[in-house]
J.: 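Have a look at this one before I ask anything.
Here the structure is a predicted model, which is why all the values come from computation and not from measurement. Numbered from 1 within each chain, the chains take letters A, B, ... in sequence-line order. These numbers come from the heavy atoms of this one structure, side chains and all, not from hydrogens, waters or symmetry mates.
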2 protein chains.
Amino acid sequence: MPNPTLSDVAQAAGVSYATADRVINNRGNVAQKSIEKVREAVTRLDYVRNVAAANLSRKRVYRLAFLIPKGTNAFFNRIKHHIASVAEQMSVENVSVDVFEVSAFSVDGLSDSISEFGQLDFDGVAIVGLQSESLEGPLVDLRSRGVKVIGLVSDLPREHRAAYIGIDNIVAGRTAARMTGLAHAGQAGAIQTFVGSMDARDHTERLDGFRAVVSEDYPQLDVLEPILTKDDPSFLYAQTTKVLTRAPNVTALYNVGAGNSGLVAAIGNQPAKRPFCVVHELVAHSRQALIDGHIDLVIDQRPDIEVNRAFTMLRALIDGRDLPPLPDLMPTIYVRDNLPADPLNQKTKDQN
Amino acid sequence: MPNPTLSDVAQAAGVSYATADRVINNRGNVAQKSIEKVREAVTRLDYVRNVAAANLSRKRVYRLAFLIPKGTNAFFNRIKHHIASVAEQMSVENVSVDVFEVSAFSVDGLSDSISEFGQLDFDGVAIVGLQSESLEGPLVDLRSRGVKVIGLVSDLPREHRAAYIGIDNIVAGRTAARMTGLAHAGQAGAIQTFVGSMDARDHTERLDGFRAVVSEDYPQLDVLEPILTKDDPSFLYAQTTKVLTRAPNVTALYNVGAGNSGLVAAIGNQPAKRPFCVVHELVAHSRQALIDGHIDLVIDQRPDIEVNRAFTMLRALIDGRDLPPLPDLMPTIYVRDNLPADPLNQKTKDQN
DNA sequence: CAGAAAATGATTGACGTCCATCAAATTGCA
DNA sequence: TGCAATTTGATGGACGTCAATCATTTTCTG
């Protein structure tokens, strides 16, 4: 009645424990006939290996790694923070975590990093990826070493990763557009968009999604050509100021990328009624701007959940388990009223 | 360097393994002096018991239970569905789960159920609670039996539960109001509210939050007195129809409670431009209504996440572990563009 | 200071798996 | 048929903890 053990399986299969063990851990030197008998018994008894006991026995340490873009980007700092926090918690369960910072958004840099990294001996790695065939070589190499690879936040080429954990950026852009449309209440308007780089796939996808919804459902709105910002706050500051002072017809601002501190500062300087304002990613700046009423909405991808799921997924992959069907990660909409308490600004409170 | 074992602790404390074991499992018959020596070593070495090994040894089975209101309410069906799904997954880890259906929203019924339930032998229970002193007796009894109790979705009296897992309904109401305010784009309007029962704390809290934000930030909006619906779809249908046909000044509808299928049906019958429309909880009806464009927003409390967290929390409480600081659960805003795939209507897909 | 009570140490067998070793049985092939 | 190769079985020691037993040692009490 309780979960069957491998001994039960062996008995049911009519072989010795040793043989059953050879089969399920495929150690070789087993006759095909025995393999089948054991397999049959496994499915019949619904045996699943007791991972806890197995780990205990072999003193397994899960060696996990994260490859994260280096730099001071607030969003990735938040990611790193979450990784560290979960990692600490996981150390009790024999999980070791290393974070490698790779040169941001450079295909060559990432490719090299993956190659170097491949020399090390990890069980699984979550990579903030890029779409490029030149990653193929290093990734194939990783797989051949038995390293489990997942894409995090930004996907890798589909064929070379076991899973992707992150939002669909088209959906994110659509969501931003939907909210912007609603906030116009049927009135006409013009939306100034800002984009970090037209080479960044997530940025262009958001923009595409945004445009699609506006043209589908809000034809009275005009999506202006995006201003290229390189995610630079000071540049955003200048450009936003210019828009606010010289383009009174603009009824909404939508920043697809980062650098929001500049945008917020520009708005803060403007006494008059401001346009409707949507940005991405809840970080210190955007959070404060919401509270101060300088912006209206933040579309967030919940990096905390993503990081958690990355750990869960990697462990499952490494164990060869399968996971229950997890719901897709969807962009979360924050207004000033449903902000989670800021973990950085509050004392870690007890959990009773 | 790896995690210290109890043997290490014993050695460091200068006592035998047996004594150290007596201390950490408080089996009694230990001198105060030894207790202190062991405690000191525990903190010094940063020992934490290997739960996997412990469970393996004692063949522990976590007996968990959920007390959920009985009935056909779509939201609680969703909750039950999630519980079953997670339970299946957990059975591998020696967790057994029972769901008890209690007569909905009746203090006496709940009180009786808890009392009966107390006779059984569970380790932990998550209860969809009510605020009432008459629950005190049964809950105290549970605690005295060593059963860990948490409130789920709707809280229990604070002193008699170890944790609450659910959203803050004032926040949920505030969020609904914020969105409604934005969707008016500065124009005046009147909002018809619907409430299931003025006795249901969650309903009144949402209403309070809603009213607060409107009066703070959207004075041009008029929150009309709520229509009492008893969460009855056919009643909601009739009332909604009446509002739509006879109150052209109404610019928004906000249903605090359940029974949305009636509301949606009424809107579907109405060819003309409809008011802005916000409801709570993403279930089959509300989901479809979003897709069909019959409503604009769903404020959801993510029962899947709540259920997951309930399991995590109960296990931690039972093990006497403490948890990493978990972020507060915040109401999630859904529009038609950021809906998660419907798990009920899609084949469970593989997770690669 | 003796005798009882309390505290401690030492040890052992689970739990389910991994991994290694060695002997025995079965097969293949010349 | 005989010898080697392959396949099996049996076993034992980890892993870290729980729980129990029994023999000692220490402490308390009259």
J.: Test B:Asp123 against every option in B:Arg60, B:Arg145, B:Lys148 by the salt bridge (Lys or Arg N to Asp or Glu O under 4.0 Å) rule and name the one that passes.
T.: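 Single salt bridge (Lys or Arg N to Asp or Glu O under 4.0 Å) partner of B:Asp123 among B:Arg60, B:Arg145, B:Lys148: B:Arg60.
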J.: Determine: side-chain N/O of B:Asn50 to OP1/OP2 of D:dT17, distance under 4.0 Å, yes or no.
T.: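 So the side-chain polar atoms of B:Asn50 never come under 4.0 Å of the phosphate oxygens OP1 or OP2 of D:dT17.
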J.: Using whole Å, what does the distance between atom P of nucleotide C:dA6 and atom CD of B:Gln32 come to?
T.: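 Going from B:Gln32 (CD) to C:dA6 (P), I get 16 Å.
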J.: By the 4.0 Å heavy-atom rule, please label B:Val51 as base, sugar-phosphate, or nothing.
T.: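 No contact.
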J.: Starting the side chain at C-beta, find the nucleotide from D:dT17, D:dT7, C:dG16 nearest to A:Ala31.
T.: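 So the side chain of A:Ala31 is nearest to D:dT7.
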J.: When you measure from the side chain of A:Asn29, which nucleotide among C:dG9, D:dC18, D:dT7 comes out closest?
T.: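 Nearest to the side-chain atoms of A:Asn29, counting from C-beta on, is D:dT7.
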J.: To the nearest Å, how far apart are B:Glu93 CD and C:dC15 P?
T.: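 For the pair B:Glu93 CD and C:dC15 P, the rounded distance is 20 Å.
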J.: Looking only at the side chain of B:Lys59 (C-beta and beyond, no hydrogens), which of the listed nucleotides C:dA10, D:dT17, C:dC15 gets closest?
T.: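 Nearest to the side-chain atoms of B:Lys59, counting from C-beta on, is C:dC15.
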J.: NA contact type, A:Ile24, heavy-atom cut-off 4.0 Å: base, sugar-phosphate, or nothing?
T.: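 Sugar-phosphate, no base atom in range.
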J.: Select base, sugar-phosphate, or nothing to describe what A:Asn55 touches, counting heavy atoms under 4.0 Å on all strands.
T.: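 Contact class for A:Asn55: none.
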J.: Counting only side-chain N and O atoms of A:Arg60, is one of them less than 4.0 Å from OP1 or OP2 of C:dT17?
T.: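 No, because none of the side-chain N or O atoms of A:Arg60 sits under 4.0 Å from OP1 or OP2 of C:dT17.
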J.: Whole angstroms only, please: what is the CZ-P distance between A:Arg27 and D:dT8?
T.: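 The answer, rounded to whole Å, is 15 Å.
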J.: For A:Gln11 and D:dG9, give me the distance from atom CD to atom P, rounded to whole Å.
T.: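 So the two atoms are 13 Å apart, to the nearest Å.
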J.: Counting only side-chain nitrogens and oxygens, does A:Tyr47 get under 4.0 Å of the OP1 or OP2 atom of C:dT17?
T.: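 For C:dT17, OP1 or OP2 has a side-chain N or O of A:Tyr47 closer than 4.0 Å.
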J.: Within the structure shown, what part of the strands sits under 4.0 Å from B:Arg22 by heavy-atom distance: base, sugar-phosphate, or nothing?
T.: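 Touches a base.
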J.: Answer yes or no: is there a side-chain heavy-atom contact under 4.5 Å between A:Phe76 and A:Val128?
T.: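 Touching, per the 4.5 Å side-chain cut-off.
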J.: Give a yes/no on whether any side-chain N or O of A:Ser16 is located under 4.0 angstrom from OP1 or OP2 of D:dG9.
T.: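 A:Ser16 to D:dG9 OP1/OP2: side-chain N or O found under 4.0 Å.
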J.: Is any side-chain heavy atom of B:Asn3 less than 4.5 Å from a side-chain heavy atom of B:Asn50?
T.: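 Not touching, per the 4.5 Å side-chain cut-off.
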J.: Would you call A:Arg63-A:Asp98 a salt bridge at under 4.0 Å N-O?
T.: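 The answer is yes: the pair qualifies as a salt bridge.
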J.: Would you mind telling me which of C:dG16, C:dT17, D:dC18 lies closest to the side-chain atoms of A:Leu56?
T.: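 The closest nucleotide is C:dG16.
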J.: Less than 4.0 angstrom between a side-chain N/O of B:Ser57 and OP1 or OP2 of D:dA19, yes or no?
T.: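 For D:dA19, neither OP1 nor OP2 has a side-chain N or O of B:Ser57 closer than 4.0 Å.
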J.: Rounded to the nearest angstrom, tell me the gap between atom CG in A:Asp21 and atom P in C:dT17.
T.: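 To the nearest whole Å, that distance equals 10 Å.
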J.: By nearest atom, which of the nucleotides C:dT17, C:dG9, D:dA19 is closest to the B:Thr19 side chain?
T.: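 Between C:dT17, C:dG9, D:dA19, the one nearest the side chain of B:Thr19 would be C:dG9.
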J.: What is the distance, to the nearest angstrom, from the CG atom on B:Asn26 to the P atom on D:dA19?
T.: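 It is 11 Å, rounded to the nearest whole Å.
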J.: When all nucleic acid strands are considered with a 4.0 Å heavy-atom cut-off, which category describes A:Ala18: base, sugar-phosphate, or nothing?
T.: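 A:Ala18: base contact, heavy atoms under 4.0 Å.
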J.: To the nearest angstrom, how far is B:Lys37 atom NZ from D:dT26 atom C1'?
T.: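 That distance rounds to 12 Å.
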J.: What I'd like to find out is whether the side chain of B:Phe75 reaches to under 4.5 Å of the side chain of B:Gln301, using heavy atoms alone.
T.: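 Yes, side chains in contact.
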J.: Using the side-chain heavy atoms of A:Arg58, tell me which of these nucleotides is nearest: C:dC18, D:dC18, C:dG9.
T.: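 The answer is C:dC18.
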J.: For A:Tyr17 and C:dC22, give me the distance from atom OH to atom C1', rounded to whole Å.
T.: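 So the two atoms are 18 Å apart, to the nearest Å.
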J.: Should the pair A:Phe122 and A:Phe117 be assigned to parallel (<30°), tilted (30 to 60°) or perpendicular (>60°) ring geometry?
T.: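 Parallel: the ring planes of A:Phe122 and A:Phe117 meet at under 30°.
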J.: Identify which nucleotide among D:dA14, C:dT8, D:dT17 has an atom closest to any side-chain atom of B:Ala53, counting heavy atoms from C-beta outward.
T.: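 Minimum distance to the B:Ala53 side chain belongs to D:dT17.
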J.: Considering only C:dT8, D:dT17, C:dT17, which nucleotide approaches the side chain of B:Thr5 most closely?
T.: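 The answer is D:dT17, which lies nearest to the side chain.
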